[in-house]
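Note that the coordinates shown come from a computational prediction; the quantities given were computed from them, not determined experimentally. Start at 1 with the first residue, then count along the sequence.
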Amino acid sequence: FPSHDRGGMVCAFCASSIEEKFKEVKGVQKVLVDLKTRVVIVGFEGDVTMSDQEINALILDAGYTQRQIIRSEESLEALQKKYAQGFKNP
C-alpha cells in the first residue's frame with residue numbers, strides 16, 4: 001500500500017478529487033485520504049501497482065503536488081494507525 005504526502009490538499013473537495021482520480025485506475029481497491037496530515041493511502045488488488053511517475057502524474061492532474069511516496073507491505077489498517085489521525089474513509 002503506497003502512501004503519499006499531498007501538498008495543497010485542504011478540504012473535503014480536495015480529498016474527493018484525489019480519491020476519484022485513483023479510483024479511475026484499474027486495480028485500485030481502496031483509497032483513504034487524511035486531510036489533517038495530507039496523506040493518501042492507496043490499496044491495490046493482487047499484484048497491481050503504480051510507478052512513482054504514474055502516481056505523480058495522477059496527483060498533478062488532480063491539481064495537487066506530491067511530496068513523498070512511501071511503499072509498504074503493511075496492512076491498510078496498520079498504515080492508517082501509523083500515518084493518519086482522521087482518514088476520510090468512503
State, yes or no, whether a side-chain contact exists between [X] and [Y] at a heavy-atom distance under 4.5 Å.
{"X": "F22", "Y": "I59", "answer": "yes"}
{"X": "I55", "Y": "I69", "answer": "yes"}
{"X": "K26", "Y": "V48", "answer": "no"}
{"X": "K30", "Y": "V42", "answer": "no"}

Any chance you could measure K21, atom NZ, to L60, atom CG, to the nearest 0.5 Å?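 Atom-to-atom, K21:NZ and L60:CG are 11.0 Å apart.
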Nearest heavy-atom pair of A15 and V33: which atoms, and what distance?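 Closest approach of A15 to V33, heavy atoms only: CB-CG1, 3.4 Å.
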Please identify each residue that fulfils side-chain contact (heavy atoms from CB on, under 4.5 Å) with V25, with sequence neighbours left out.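 For V25 the side-chain contact (heavy atoms from CB on, under 4.5 Å) partners, ignoring immediate neighbours, are V28, M50, L58.
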Quick one: side-chain contact (heavy atoms from CB on, under 4.5 Å) partners of A78, sequence neighbours excluded?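 Here the qualifying residues are E74, S75.
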From CA spacing to verdict: side-chain contact (heavy atoms from CB on, under 4.5 Å), V40, L32: CA-CA 6 Å; V40 178; L32 301 173; over 6 Å; no
Mind checking side-chain hydrogen bond (donor to acceptor under 3.5 Å, both in side chains) for D52 and listing every partner two or more places apart, or none if nothing turns up?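 side-chain hydrogen bond (donor to acceptor under 3.5 Å, both in side chains) check on D52 returns R71.
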What residues form a side-chain hydrogen bond (donor to acceptor under 3.5 Å, both in side chains) with E20, not counting sequence neighbours?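 By the side-chain hydrogen bond (donor to acceptor under 3.5 Å, both in side chains) rule, E20 matches no residue at all.
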